[in-house]
Participant: 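I am attaching a structure below and will ask some questions about it afterwards.
Values in this document were obtained by computation on a predicted structure and should not be read as measured data.
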Amino acid sequence: MKISAILVAGGTGSRFGGATPKQVLHIAGKPVMRHAADAIAPYVDLLQPVGDAAIIGPALDGLPHLPIVPGGAERQDSVRAGLEALAPHAPDIVLVHDAARPIIPTGTIEALLAALQTHAGAIPAVPVSDTLKRGHNGIIAETVSRQHLFRAQTPQAFKFAELLRLHRIAAFGAATDDAALLEQAGLSVALVSGAEQNIKLTYAEDLSRVQNILGGQLIPRIGTGFDVHAMETGRPMIICGITIPFEKGLAGHSDADVGIHALCDAIYGALAEGDIGRHFPPSEATWKDADSAKFLRHAAARIAARGGILSNADITLICEQPKITPHAPAMRARLAELLNVPIELISVKATTSERLGFTGRGEGIAAQASVIVMLPA
Ligand code: MG
């Protein structure tokens, strides 16, 4: 019997916030969707990812899979694309799984496959435990009985030929999950026991729940960084990856991004891996006028290589001018993008030194950063 799986990673994650698609955020040392793929891979002969190849490819690096196919406008279109790509391989069974669900509890896939022996489809589901209210204009209209109600999860399992046939005849937007197509066709879909930990990363707060489950063996490591660069005319003012319009810039061998340098040193410090000068010696011409984004990507890669996660980062910039606060949101967004984490984890703030010292006289800008990195115990 040939078993296949479609990994659906088509969503843009607008409800999640942050620049990085949630499916490729790193949790416990690897991307969210890699956790999902690694959980499915032992059960399947064919793995068909669907979505943006530029994003999915690196996340699945080293794992055997069929060529990535692009997703569609709706989830149903993405699944259909995956089914059509699998069709020439004629699998007997297909598991359809959301890439934003990194935790597939032990026993789930076995239970689904067992249920398929007597049903056309099977899905994991958990009974609804909250009391349900129907609301209208902010007022409760009625209490809805939760008896017989379940929350549907994935992976959902189907006889391949049947699901492909139903997708080919389905109307646009007819189903938010694949089981619905079988229901509409009058076929029986079994409910098997789902689990609360099979979390779909939808909102930013879901991230910490998943981290707590996957990263239970991680311990916090604090790191601090400090950096200073002198002001110089004729150079761009680049702080935390953002170019700020100002009469002067910062002097230095690289682009002199004082904020990113302090942040990198904080991360290297948490890892006890020296400092930015050790990884990128100023004596090397390669790093002359270098974009400091490269340094921060390296620091993020070191966290991942150690099997860790960034818990949070807090950066303080110390200067009278330029004014930082108007640029802080863009700085946070850029740093989050470079670190591959949600923006909620990154703080950028500013203070002055009350016109005292070199920062007070506008001779230079100082930055300090603190991070907590969670590393395997
Ligand atoms: Mg520096």
Participant: Going by side-chain hydrogen bond (donor to acceptor under 3.5 Å, both in side chains), name the pairs with one or both residues in residues 38-56, residues two or more places apart or in two chains.
Facilitator: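 Only Lys30-Asp38, Arg34-Asp38, Tyr43-Glu110 qualify under side-chain hydrogen bond (donor to acceptor under 3.5 Å, both in side chains).
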
Participant: Does His279 reach the main-chain N or O of Glu273 with its side chain, forming a donor-acceptor pair under 3.5 Å?
Facilitator: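 Flag set: sc His279 to bb Glu273 pair under 3.5 Å.
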
Participant: One thing to verify: whether Arg209 and Asp206 come together as a salt bridge, which I'm taking to mean a side-chain N less than 4.0 angstrom from a carboxylate O.
Facilitator: yes

Participant: Please enumerate all residues that pass side-chain hydrogen bond (donor to acceptor under 3.5 Å, both in side chains) together with Thr224, with sequence neighbours excluded.
Facilitator: none

Participant: Should Ile123 and Leu163 be regarded as members of a common hydrophobic cluster, given that ILVMFWY residues are connected when their side-chain heavy atoms come within less than 4.5 Å of each other, either directly or indirectly?
Facilitator: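 Yes, one cluster joins them.
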
Participant: Hey, is Arg75 close enough to Asp177 for a salt bridge, meaning N to O under 4.0 Å?
Facilitator: no

Participant: Scan the side chains in residues 259-267 for donor-acceptor partners under 3.5 Å anywhere in the protein, sequence neighbours excluded, and list what turns up.
Facilitator:
{"from": "His261", "atom 1": "ND1", "to": "Asp227", "atom 2": "OD2", "distance (Å)": "3.2"}
{"from": "His261", "atom 1": "ND1", "to": "His229", "atom 2": "NE2", "distance (Å)": "3.3"}
{"from": "His261", "atom 1": "NE2", "to": "Ser254", "atom 2": "OG", "distance (Å)": "3.4"}
{"from": "His261", "atom 1": "NE2", "to": "Ser292", "atom 2": "OG", "distance (Å)": "2.9"}
{"from": "Asp265", "atom 1": "OD1", "to": "Ile276", "atom 2": "N", "distance (Å)": "2.7"}

Participant: Mind checking whether Met331 and Ile324 have side chains closer than 4.5 Å, heavy atoms only?
Facilitator: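 The answer is yes; the side chains approach within 4.5 Å.
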
Participant: Within the 4.5 Å heavy-atom criterion, are Asp314 and Lys349 side-chain neighbours or not?
Facilitator: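 Touching, per the 4.5 Å side-chain cut-off.
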
Participant: Determine whether Val94 and Asp178 make a side-chain contact, defined as any pair of heavy atoms from C-beta on separated by less than 4.5 Å.
Facilitator: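 In short, these two side chains do not touch, never coming nearer than 4.5 Å.
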
Participant: Suppose clustering is done on Ile, Leu, Val, Met, Phe, Trp and Tyr with side-chain heavy atoms closer than 4.5 Å. Which residues sit in the same group as Phe226?
Facilitator: Val228, Phe358

Participant: What is the minimum heavy-atom distance between Ala36 and Ile104, and which atoms define it?
Facilitator: O-CD1, 4.1 Å

Participant: Under the side-chain contact (heavy atoms from CB on, under 4.5 Å) criterion, do Met237 and Leu250 qualify, and how do the steps go?
Facilitator: CA-CA 6 Å; Met237 176 65 76; Leu250 292 175; 3.7 Å; yes

Participant: Quick one: does Asn340's side chain have a donor or acceptor within less than 3.5 Å of a partner on Val24's backbone?
Facilitator: yes

Participant: Hey, are the side chains of Phe158 and Leu164 touching, using non-hydrogen atoms and a 4.5 Å cut-off?
Facilitator: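 When only atoms from C-beta onward are counted, Leu164 and Phe158 do not touch, as no gap falls below 4.5 Å.
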
Participant: Please set out all donor-acceptor pairs under 3.5 angstrom arising from side-chain atoms of residues 125-140, sequence neighbours excluded.
Facilitator:
{"from": "Thr131", "atom 1": "OG1", "to": "Arg146", "atom 2": "NH1", "distance (Å)": "3.4"}
{"from": "Lys133", "atom 1": "NZ", "to": "Thr143", "atom 2": "OG1", "distance (Å)": "2.8"}
{"from": "Arg134", "atom 1": "NE", "to": "Glu142", "atom 2": "OE2", "distance (Å)": "2.8"}

Participant: So, for Pro329 and Ile343, which heavy atoms are closest and what is the spacing to 0.1 Å?
Facilitator: O-CD1, 4.2 Å

Participant: What residues form a side chain to side chain contact (heavy atoms under 4.5 Å, CB included) with Ala157, not counting sequence neighbours?
Facilitator: Leu95, Leu112, Leu116

Participant: Pair Asn312, Ser347 - check side-chain contact (heavy atoms from CB on, under 4.5 Å), show working.
Facilitator: CA-CA 8 Å; Asn312 74 305; Ser347 157; over 6 Å; no

Participant: If we ignore hydrogens and angles and just use 3.5 Å, is the side chain of Arg101 paired with the main-chain N or O of Gln153 as donor and acceptor?
Facilitator: no

Participant: Would you call Arg151 and Glu196 a side-chain contact if the rule is heavy atoms closer than 4.5 Å?
Facilitator: yes

Participant: In the structure I gave you, are the side-chain heavy atoms of His298 and Phe280 within less than 4.5 Å of one another anywhere?
Facilitator: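 Side-chain contact under 4.5 Å: yes.
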
Participant: Looking only at heavy atoms, which two atoms of Ile109 and Pro155 are closest? And how far apart?
Facilitator: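 Minimum heavy-atom contact is CG1-CG, 4.2 Å.
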
